[in-house]
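Naming convention: chains lettered A, B, ... in sequence-line order (proteins, then strands); numbering from 1 in each chain.
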There are 2 protein chains.
Amino acid sequence: MTLEHVFRPRSVAVVGASDNPSKLGWSVLHNIVTYGFRGRVYPVNPGREYVHCIPCYASVRDIPGDVDLAVVVVPARYVEQVFLDCAEKGVRGAVVITAGFKEIGPQGEELERRILKIARDAGMRFVGPNCMGIINTDEDVSLNATFAPTQPLRGSIGFISQSGAMGVAVLDFSNAERIGFSKFASMGNKADVSGNDLVEMFGRDPNTKVILMYIENFGNPRNFITIARKVSESKPIIAVKSGRTKAGAAAASSHTGAIAGEDAGAQALFKQCGVLRALTIEEMFNYAEAFAAQRLPRGKRVAVLTNGGGPGIIAADAVEGHGLEMAGFQKSTVEALRSVLPREASVRNPVDMIAGATASTYRSCLSILLKDRNVDAVLVINVPLGKETELETAAAIAEASRFTGKPVLACLFGRKESSEGVRHLIEHGIPTYRFPEGAVRALAAMWRYRSWREKPKGRTVRFRAGREEAQRILDGAMSRDREWLTKREVDHLLELYGFRLPKGMVATTEDEAVRIAKKLNYPVVMKVVSDDIIHKWDVGGVALDIKGETELRRQYRRIMSNVQKKRPGARVDGIRVERMITGGREVILGMKHDSIYGSMIMFGLGGIYVETFRDVSFRISPLTDVDAQEMVEEIRGYQLLAGARGEKPCDIKRLKNYVLRLNQMVTELQGIREMDLNPVIALPKGAVVVDARVRLEQHGSQ
Amino acid sequence: MTLEHVFRPRSVAVVGASDNPSKLGWSVLHNIVTYGFRGRVYPVNPGREYVHCIPCYASVRDIPGDVDLAVVVVPARYVEQVFLDCAEKGVRGAVVITAGFKEIGPQGEELERRILKIARDAGMRFVGPNCMGIINTDEDVSLNATFAPTQPLRGSIGFISQSGAMGVAVLDFSNAERIGFSKFASMGNKADVSGNDLVEMFGRDPNTKVILMYIENFGNPRNFITIARKVSESKPIIAVKSGRTKAGAAAASSHTGAIAGEDAGAQALFKQCGVLRALTIEEMFNYAEAFAAQRLPRGKRVAVLTNGGGPGIIAADAVEGHGLEMAGFQKSTVEALRSVLPREASVRNPVDMIAGATASTYRSCLSILLKDRNVDAVLVINVPLGKETELETAAAIAEASRFTGKPVLACLFGRKESSEGVRHLIEHGIPTYRFPEGAVRALAAMWRYRSWREKPKGRTVRFRAGREEAQRILDGAMSRDREWLTKREVDHLLELYGFRLPKGMVATTEDEAVRIAKKLNYPVVMKVVSDDIIHKWDVGGVALDIKGETELRRQYRRIMSNVQKKRPGARVDGIRVERMITGGREVILGMKHDSIYGSMIMFGLGGIYVETFRDVSFRISPLTDVDAQEMVEEIRGYQLLAGARGEKPCDIKRLKNYVLRLNQMVTELQGIREMDLNPVIALPKGAVVVDARVRLEQHGSQ
């Protein structure tokens, strides 16, 4: 079942159409008619013969011809009957604007379930309920089935909004900014048609060049990753995800009746599927304007052309601040600039043509810069110095940019969006901003997107592992309703998946411990072995850095007496003597089952700084090899692992390998709720899991 | 000498006035005349009898009456003569718009020096050269002595710009946004009148409520701290400082001919004097609108009132993200809201009145929220849902805010600045934004400013110290042209300033070392003592954690033989035996002499993470006790020092004390260029400087 009937209907019934301009049923019909829908429209309202001078029907069933789409604006209590009527009539799509469903509590939730069942049984797809409608600006459809007070401009942006109010606001805003849409959908409660369905559909839509999303929470994040990754390969998806902070998330859960996601999950998810995250609606549109109008830059070297020094410096700050580079020009460029510019001008980047610059100076300099092989994109800034009209300057910029393959963005500093220069530039495909920072931010997003698209896509890696035996360990522990695996179980599990543990053996007598230590070579470590003791440190059951036999014997006795004192009832199987790992760097690997995002894998620097600096990276499982590589390399502490300060680098390859092994464990085993490998000591060759904990899913939990 | 004659002249000569509208000399005269200057204006141009139908004079000397201010727009080569004429005429102030001075190189620099001398000798103050002029909108002055194409609106913002182009752009932008100015000055090359002079003057100006600055570099940062701190106590200063990044700084130095400052210095400077830093021009105006129109919030608890869920969530995210809090309402508030809102509305914060909200709903709910004792400020959001006109809603918001002492900010989501609702709100003193984030950011800046104003101002602390002896140590080393102090000199210096060093003594024989260690108690540390060896580690001259006599004797011999092998010629005075410091946290204290900002003091977490996480705080010396406190508390790792994870807290008081002692050293001693106390071990009681290096100023260097 596609969404063809919803977005490209040949006939639309407005169920709940009204003659009263204060009602939504009026606004929707009014918008459909005035926006010039190319098909037939049938108002439905049992009380009237005509609405808006159009013949009106008592029920969908009474409509003489076929109905592709029903737009429903009746009160919630009538919606079920309307759906039954639609099913009987054979209507294939619906948009339910009516509110009063899941978002108001259990009663509404039940009603939502019932209409979903009717739709499923009848093979009808529907958007909503509790939404503001949909728009398709395609010339052969021209459908505005919303109650928004603003009619959308035609363009190449597809917008999907989880908030109706945000949808209205955005239509209004984008009209002022002269931003055009191809399609728009307000998702509402997403009872049937989901955000994923819409992304997939907009992805296929030839009129949509850029997809924008306003999201408050995800229905099926793993599905989203798959779909969005595919779509992002051919067109950019830009998303604002709110509910980032605790307060925002609390508001989100009260707003949509869904559990709010943690931001780490959302952040990982966007990274994994190439979705560009914007932090504000304004930023999202900054990006969208650039993506819709311009090509992607081939590199990150930016030239800035300005008639005012200050704005040039601000732009240079922004270029570096956003991870781009100020281009260094070819010699011929500098010479050419010098020949057209006065002596006081600066021919270095940023090129400051100074106050006297005319439209023709802009034309010449911009052409020169676009020819430079070291320049991947140009930002043109104009300050209104009153010597030339704004329109002439705009025309010169547009003209010089015409036959280039490089992106050109403009900043008419401080100018209104209604000014003629801004209009001219936008109409000629030059995204134009009020301040240099907005333009640079957009350019940086384009570069980020291009880099994502060009990087190797990564593949799933599978290691030989003792999967069945590992599952038996987990099942055994779960069948006894345990929350944690014992140390021995954990070690066994890790060994089955190819992790290296410190060399060692369990001693049951002091003399045996001495023999083992001798074989291992000092220094050694000792740890009590007991399934009854999970937190060995707390009972004084550990001794580190034992350098000789005397110390070993003393510590052996100390551990035994500590344990007897603090845990008199515990069954002790002996003391494990291990080779002490010296040198290397502590890292942490972890996994957490998130109720929204599924298994989240974590990597970071270990030690006491983990919590303070939160220098960790997250991804949602399953991971590719490229994901694992990025996880290791994106933490700030990566330089320490890679051998900063003249030290030997750690075995980065092994760390990536461990991330992938962890990923494999959590994908193919059932029952792990949380897992910490902490610390893992990363050595110049190899890495050793010194301690680990595995928490199980419990029958009572979640 | 005040700037009275410059900003409140009764008569102005425009030297270089022109009849040709493409010349600056035309624009300046045109602006003065059309903006309605209240005094007399005298065009000066040797070639004409009238300019702009006003009688014209060949020279300033020929003007019959007194001249308070000369605005100079002649080419650079004539400026010196004009200054001589002005001096002869007794002109007291000048604004030099003409470019071609310091900014073009040595020749211009020389010319600038000459005109400065003429002015100083004649007691004349001047703004510029290479600037765009000044504005005073006071009704009894009404002077627009700039060549900007836009006439400024009257208001309460004073704006100081180091870039002329930025000045033009800002006037243009602010006109569109309906932001009014009290005074404006483009500083140009700051040959005479500096940014500090202007801040001081705008600080005293009763018509200026908020001071905005666009800065590229500081002339005298220490003076700026003093002046700005004083002014900030009564009115906010908001600054954009560009040249933040390397690229920006490079552009800045080419632009202004001044050395660019490092951003850490600027950041510290702003913190120390209460200046609010905005990162973009747009942000600066976001702040200014709020400060100019509203009172400061008494606390940081914000209520959000909205008719759309999405924008409410976005606002809640922003509130937390900017360090404010979402207010928890009083019970009576919740009840009152419940009584006026429909069942589907949310009466929790953010209050979502949902789509049906009318102007009267806004009025009631806003009044209710403003009465809540737990609410310090309200952000009102409106999405255009088409049921009520924008103006009615705006009027209701303005009305309900009228008699409150709490700040109210509005967001008419996505609306243009020219829309009637926005105009109405701004005219009624409600700062109004397009997106919730801008409003929240401004509110956060207001709260930050209020917190700064209310915090104790801090005082200078002076400890007893052996200043003279310390200076002798430095002088002695400098007289021998040394770059570094020896370990013994460093220790002595630190002791003279009350820093605690590890207990210990120098042994010259193995047996003596054993005796010292016994007295100190094991474990101990040994370090070779030699003025010829600065990097003891590199020559194997250190041994840590020595636990007994046997080990001590072995290590003693090892160190001696290492040193003999690696530094056969070095004079060795013995081996220092010190008590080993166990436990505690490593921190770093440092000082660096910066050519622009002077002595910069640094504090941070020590260890290998210093470089990776750069978790350090900076201040410019001299410091107050409050500065020291903030330096210690603002690093992210502060929680580790304060006893996170159930550990004993470090002696924070002592760390602050050490910061102040370091400050005292660098303020009263001459000759220190750089100093690192690293590591300093912060213990539960006290702190010990385990290692330190002091680098001296050299004759060849700075």
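- Between A:I313 atom CD1 and B:N217 atom CG the span is 8.5 Å, to the nearest 0.5 Å.
- The candidate from A:A315, A:G438, A:A169 with the greatest count of non-hydrogen atom pairs under 4.5 Å with chain B is A:A169.
- Taken to the nearest 0.5 Å, the CD atom of B:E551 stands 6.0 Å off from the NZ atom of A:K547.
- At least one side-chain heavy atom of A:I104 sits less than 4.5 Å from a side-chain heavy atom of B:R343.
- Contact annotation for B:Y638: neither backbone nor side-chain heavy atoms come within less than 4.5 Å of a heavy atom of chain A.
- Scanning all heavy atoms of the two residues, the minimum distance from A:P149 to B:P384 falls at CG-O, 3.3 Å.
- In this structure, the ring-ring contact (aromatic ring centres under 6.0 Å, His included) partners of A:F413, at least two apart in sequence or on a different chain, are A:F435.
- Scored by the side chain to side chain contact (heavy atoms under 4.5 Å, CB included) test, B:D538 finds B:H535 as partners (sequence neighbours excluded).
- Annotation: the span from A:I314 atom CD1 to B:K241 atom NZ amounts to 11.0 Å, rounded to 0.5 Å.
- Ranked by heavy-atom pairs under 4.5 Å with chain B, the list A:E325, A:E344, A:E282 is led by A:E282.
- Between B:G308 and A:A165, the closest heavy-atom pair is CA-CB, 3.3 Å.
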